[in-house]
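Remarks on the structure that follows.
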Amino acid sequence: MTNIDEKHSTLETIISQRKEKIKAIKELGVNPYPYSYNVTHKNKLITENYDEFEGKEVAIAGRLMAIRKMGKASFGNVTDSTGKIQLYISKKDIGEEKYQLFKMFDIGDFIGCKGSVMKTRTGETTIKVFELELLSKNIRPIPIVKEKDGVLHDSFSDKEQRYRKRYLDLILNPEVKETFVKRTKIMSETRKFFDEKGYLEVETPILQPIYGGANARPFETFHNTLGMNLFLRIANELYLKRLIIGGFDKVYEICKNFRNEGMDKSHNPEFTVIEFYEAYVDFNYMMNLVEKYFKTIAKSLDLSVIEYDGNKIDFEKPFERKSMFDLFEKYLKVDISEFGKEELISLCEERKFDYDPKWNYGQIIDKLFGEYVEDNLIQPTFVTDYPKAISPLAKMRRDGNEKIVERFELFIGKQEYANAFSELNDPIDQRERLELQAKLRDEGDKEAQVVDEDFLQAVEYGMPPTSGVGIGLDRVIMLMTGQTSIKDVLFFPQMKKEN
RNA sequence: GUGCCCGUAGCUCAGUUGGUUAGAGCUUCCGCCUUUUAAGCGGAAGGUCGAAGGUUCGAAUCCUUCCGGGCACACCA
């Protein structure tokens with residue numbers, strides 16, 4: 001007696017029924033997990049060029065996604081990496097024995113078949129099968145999604161399941177695949193853009209003894225042989241600068257950074273950025289390059305105006321360039337360019353803005369900017385004139401202003417996409433700034449930077465005038481694919497453990 | 001981290017002023033069916049209602065805690 005005879009359909013019994021089918025298939029002398037199949041054509045090629053293929057013989061392979069049995073003949077849908085195609089399988093064409101095998105197929109099996117291309121009377125391109133092979137037997141039922149007149153029935157839509165079992169999401173929701181294909185396209189266009197400009201792609205350590213280059217809390221780990229703590233990088237900036245010091249004058253790295261912080265629609269603990277550094281140029285030069293980069297990527301996807309999160313973002317017009325203080329004046333109706341900390345505090349009180357008395361001048365400016373300005377930055381806008389206090393790696397403004405550095409951030413649709421400096425290469429100033437950060441750490445600012453003595457020494461050996469940029473690539477991908485959650489552009493977003 | 005919402009069959013969902021034995025479609029299994037396509041027709045099976053406590057004669061439904069998820073806010077990129 002086999003489980004097939006039992007009339008249960010819990011998940012467990014379905015699985016054991018399918019295991020019994022494997023036994024029965026083996027008894028027919030068929031290997032349910034063969035080694036290869038000679039595929040001659042992809043489904044999309046056939047369906048899109050029917051006239052050329054009519055009557056011709058093809059061999060295709062893919063996952064069986066639907067079966068419609070009608071006694072001595074049946075229809076099935078097979079999906080390969082390019083799309084689906086219909087099969088017509090009749091006992092007359094494939095023989096009694098193969099038809100018995102076919103009857104043991106389930107949705108989710110991989111199959112290969114050879115047949116001739118035809119159209120059914122309803123006009124659907126179909127392969128009339130005369131050779132049928134099982135390529136891999138499924139034992140765990142995949143959700144069945146049906147579609148009529150463009151309406152999906154029983155679609156696989158539970159977000160938690162889609163993220164946890166991304167492979168099912170990819171099988172069942174074809175548009176998901178498109179997003180990730182675009183992701184790869186954006187990544188390769190990004191490399192192409194910098195390669196063509198003479199940048200050298202490099203790799204720097206993910207495991208770092210001292211983390212730096214950004215203000216964030218790190219993940220910590222331990223190396224057994226060295227007997228020391230290591231950190232997963234929060235940024236690669238300080239290593240890329242060492243390479244500039246070492247004599248490369250254009251470098252970039254596409255890498256994952258890791259930050260032990262909050263998670264939401266635009267933050268995953270590991271995320272992808274590109275950082276690039278070029279010697280002998282300043283942040284104005286980089287502004288032009290970044291603008292060109294975004295326009296190039298948009299163009300490569302045939303995008304000119306992007307509809308994103310309810311906004312229309314124009315990538316053909318020149319990006320706006322605004323001083324932070326002009327923006328404050330526009331949205332706060334006050335010129336705060338000459339304000340000191342005390343005046344900013346009075347402003348906060350006047351506007352009933354909840355500030356922390358521990359904040360320094362730069363932090364107050366930063367928070368005010370987030371509160372009153374950021375939400376207005378829909379079209380691509382370079383914001384300049386950041387306070388020194390929140391930019392410990394940026395060079396002072398060349399006009400002698402002692403509070404402001406040469407830095408820009410690019411905002412699009414209220415979100416930050418790029419951050420860049422004319423890099424600080426004065427070793428004395430750099431040491432003072434990192435020591436100030438260390439002091440802030442001692443006072444309890446967990447995100448303040450750490451003094452990296454090796455980096456400081458490297459700068460002491462001499463760093464050319466340089467500008468560098470970091471761009472959050474996951475966000476670029478979100479923007480260019482219309483996704484508003486970072487989880488939808490990461491194959492495997494971080495999730496909590498299930499029980 | 002805080003607030004709001006959600007968790008019922010393999011999938012999608014009904015059922016929540018507390019009241020027999022928790023329903024439907026798809027899926028699965030059996031039978032019929034040679035151009036179907038959410039194939040069809042007939043039959044069957046499938047659930048400790050996210051978990052644990054509590055209130056009650058009686059809980060999917062009310063309460064508490066916990067787990068997981070979504071959204072918003074806060075922080076960051």
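Just so it is clear: chains get the letters A, B, ... in the order the sequence lines come, proteins before strands, and each one is counted from 1. This is a predicted model, so every value here is computed, not measured.
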### Query
Between B:rU12 atom P and A:Asn173 atom CG, what is the distance in whole Å?
10 Å
### Pairing partner (Watson-Crick or G-U wobble, both distances under 3.5 angstrom) of B:rU16
none
### Query
In whole angstrom, what separates A:Glu160's CD from B:rC11's P?
11 Å
### Distance test, side-chain N/O of A:Arg164 to OP1/OP2 of B:rG69, below 4.0 Å
yes
### Message
Quick one, A:Glu409 and A:Phe369 - any side-chain contact, counting heavy atoms below 4.5 Å?
### Response
no
### Query
To the nearest angstrom, how far is A:Ile144 atom CD1 from B:rA39 atom C1'?
15 Å
### Task
Would you kindly give the CD1-to-P distance between A:Ile67 and B:rA38, to the nearest whole Å?
16 Å
### Query
When all nucleic acid strands are considered with a 4.0 Å heavy-atom cut-off, which category describes A:Asp366: base, sugar-phosphate, or nothing?
nothing
### Query
Taking for each residue the nucleotide of RNA chain B bearing the nearest heavy atom, is the 5' side occupied by A:Lys92 or by A:Tyr417?
A:Lys92
### Message
Applying the Watson-Crick and G-U wobble criteria at under 3.5 Å, what pairs with B:rC41? Answer none if nothing qualifies.
### Response
B:rG31
### Message
With a cut-off of less than 4.0 Å, is there a side-chain N or O of A:Arg140 near OP1 or OP2 of B:rG10?
### Response
no
### Task
Considering just the side-chain nitrogens and oxygens of A:Gln161, establish if one lies under 4.0 Å of OP1 or OP2 belonging to B:rC11.
yes
### Query
Taking the C1' atom of each, how far is B:rG50 from B:rG69, in whole Å?
11 Å
#### Entry: Integer-rounded Å distance: B:rA14 P and A:Asp154 CG
13 Å
### Message
Please report the distance, rounded to the nearest Å, between CZ in A:Arg217 and P in B:rA77.
### Response
14 Å
### Query
Whom does B:rA72 pair with, Watson-Crick or G-U wobble, provided both distances fall under 3.5 Å?
B:rU2
### Short side-chain N/O contact to B:rU36 OP1/OP2 from A:Arg68, under 4.0 Å
no
### Query
Does A:Ser90 or A:Ala66 map to a spot on RNA chain B nearer the 5' end, using the closest nucleotide for each?
A:Ser90
### Message
If you compare every side-chain N and O of A:Lys146 against the phosphate oxygens of B:rU27 (OP1, OP2), does one of them come in below 4.0 Å?
### Response
yes
### Message
Once salt bridge (Lys or Arg N to Asp or Glu O under 4.0 Å) is applied, do any residues pair with A:Arg475, and if so which ones, sequence neighbours excluded?
### Response
none
### Query
Which residues within residues 254-264 of chain A lie with some heavy atom under 4.0 Å of an atom in RNA chain B?
A:Arg259, A:Glu261, A:Asp264
### Query
Side-chain N or O of A:Lys265 less than 4.0 angstrom from OP1 or OP2 on B:rA72?
yes
### Task
Take atom NZ of A:Lys72 and atom P of B:rC33, then tell me their distance rounded to the nearest Å.
5 Å
### Query
Is any side-chain nitrogen or oxygen of A:Lys487 closer than 4.0 Å to OP1 or OP2 of B:rG70?
yes
### Task
Assign A:Ser157 to base, sugar-phosphate, or nothing according to its heavy-atom contacts below 4.0 angstrom with the strands shown.
sugar-phosphate
### Task
Find the distance A:Glu20:CD to B:rC30:P and express it as a whole number of Å.
13 Å
## Note on the structure
Checking N1-N3 plus N6-O4 or O6-N4 for Watson-Crick, or N1-O2 and O6-N3 for wobble, each under 3.5 Å, the partner of B:rG25 is B:rC11
### Query
Counting only side-chain N and O atoms of A:Lys496, is one of them less than 4.0 Å from OP1 or OP2 of B:rG68?
yes
### N/O donor-acceptor pair, side chain A:Glu124 with base B:rU35, under 3.5 angstrom
no
